[in-house]
Amino acid sequence: MTIPDIIIAVDGYSSTGKSTFAKMVAAEFGFLYLDSGAMYRGVTLAGLESGVIADGKIDEAALLPVMGPLDLHFRRDDGATKLYLGDRCIEKEIRGWEVSQYVSPVSAIPQVRAWVDDKLHAFAAGGRVIMDGRDIGTTVFPNAELKVFMTADPMVRAQRRYEELLAKGEKTTLEEVVANLKDRDYRDSHRPTSPLRQAADAYVLDNTHMTLHEELVWMLGLLQGKFGLLESPGLSC
Ligand code: DC
């Protein structure tokens with residue numbers, strides 16, 4: 001089965017399983033997976049390490065010269081795409097609590113968004129990419145050949161996130177997770193620059209009651225319908 005070298009944009013609310021879905025589709029259909037949120041997290045980490053983000057404040061004027069020369073890029077590592085700062089793999093640090101606290105306001109800074117968008121365009125230049133984020137189908141790749149907008153019931157999302165955090169050994173309550181999700185949904189969809197919204201030509205995937213296998217079958221149906229791929233491959237999961 002041949003799927004053309006297209007760009008697939010996957011956007012949606014926090015904790016809807018965008019990255020799990022996008023990684024699964026990438027592995028199944030031979031696409032490069034790129035996590036745009038990781039770039040915002042990388043900029044935030046650099047800001048924290050250089051001290052321009054500290055004590056609950058982001059010094060925006062000082063962050064821009066720190067960000068400019070950053071060598072943030074993705075590398076394929078053990079079959080996964082990981083974010084590097086120079087030669088240092090920063091996948092673990094960017095998922096930590098401190099980066100998570102600051103990344104939303106950092107990602108709302110227009111110059112940061114413009115810088116990240118340039119990098120994302122360069123990374124995707126070879127095509128055959130699936131990228132997840134909040135504004136991929138609306139701003140970064142408005143002409144992406146296929147757009148998916150992911151959503152799920154907020155309580156189901158919160159429960160999933162809560163279980164993930166518990167598994168990582170982090171101490172939190174379901175109430176805290178619900179409050180944090182609501183806050184991030186609000187911030188992401190109300191910022192002036194590139195707010196999270198569904199592109200008019202996006203296909204909505206509400207995975208509240210779906211397994212990963214069902215999501216993959218849904219995607220296969222979409223690809224077949226859109227690109228006329230009638231041959232049905234044996235899905236791996
Ligand atoms: O998907 P994530 O949680 O790793 O994203 C981190 C932050 O970056 C989140 O606050 C939303 C923001 N983000 C964004 O504004 N635009 C994107 N394309 C991707 C992420």
Side-chain angles (χ1 to χ4, degrees), residues 7-24 26 33-48 53 58 60 63 67 70 72 74 80-83 85 90-124 129-142 144 147-152 154 157-158 160-162 164-165 168 170 172 177 179-199 202 205 207:
I7 290 189
I8 304 175
V10 179
D11 291 304
Y13 295 102
S14 296
S15 300
T16 46
K18 296 186 295 294
S19 65
T20 306
F21 171 76
K23 278 180 203 163
M24 176 174 71
Y33 165 64
L34 293 175
D35 170 1
S36 66
M39 292 296 288
Y40 292 103
R41 290 175 178 273
V43 171
T44 306
L45 179 70
L48 283 162
I53 300 177
I58 300 164
E60 282 190 30
L63 178 63
M67 175 185 71
L70 284 181
L72 273 182
F74 293 96
T81 318
K82 296 189 178 160
L83 189 68
L85 179 54
I90 55 170
E91 253 325 292
K92 222 175 191 159
E93 289 100 314
I94 61 170
R95 312 284 164 196
W97 178 84
E98 211 178 10
V99 168
S100 301
Q101 290 301 105
Y102 289 100
V103 66
S104 201
V106 166
S107 72
I109 301 170
Q111 293 93 329
V112 172
R113 299 202 72 82
W115 187 86
V116 168
D117 286 1
D118 279 353
K119 297 266 179 201
L120 295 175
H121 281 128
F123 296 153
V129 162
I130 180 164
M131 188 181 292
D132 77 334
R134 305 294 191 287
D135 65 337
I136 307 307
T138 52
T139 304
V140 183
F141 289 110
K147 301 177 186 177
V148 175
F149 188 84
M150 290 185 67
T151 184
R157 290 194 279 136
R160 288 177 187 160
R161 179 86 186 120
Y162 176 60
E164 255 172 44
L165 290 170
K168 277 193 197 168
E170 298 205 22
T172 184
V177 174
N180 179 267
L181 266 191
K182 280 189 181 160
D183 179 59
R184 288 210 284 160
D185 285 353
Y186 185 86
R187 280 174 185 271
D188 290 344
S189 46
H190 286 80
R191 64 174 174 236
T193 312
S194 303
L196 166 67
R197 61 185 167 77
Q198 185 189 322
L205 174 57
N207 66 9

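First listed ligand is number 1; within each ligand, the first listed atom is number 1. Reckoned from all heavy atoms, side chains included, excluding hydrogens, waters and symmetry mates.
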Visitor: So with a 6.0 Å cut-off around OH of Tyr13, is the heavy-atom count from everything else above 12?
Guide: no

Visitor: Is there a donor-acceptor pair under 3.5 Å between the side chain of Asn207 and the backbone N or O of Thr16?
Guide: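 At least one qualifying donor-acceptor pair exists.
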
Visitor: Using ring pair (Phe, Tyr, Trp, His ring centres under 6.0 Å) as the criterion, list what pairs up with Tyr162, not counting sequence neighbours.
Guide: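 Here no residue qualifies.
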
Visitor: Less than 4.5 Å apart, any side-chain heavy atom of Ser104 and any of Asp188?
Guide: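 Yes. Closest side-chain heavy atoms under 4.5 Å.
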
Visitor: Looking at Met39, Lys119, Met131, which hits side chain to side chain contact (heavy atoms under 4.5 Å, CB included) with Leu34?
Guide: Met131

Visitor: Taking everything shown except Arg184 itself, do over 12 heavy atoms lie less than 6.0 Å from its CZ?
Guide: yes

Visitor: Tell me the residues surrounding ligand 1, counting only those with a heavy atom closer than 4.0 angstrom, sorted by chain and number.
Guide: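 Heavy-atom contacts below 4.0 Å: Ser36, Gly37, Tyr40, Arg41, Val103, Ser104, Ser107, Arg113, Gly133, Arg134, Asp135, Ile136, Arg184, Asp188, Arg191.
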
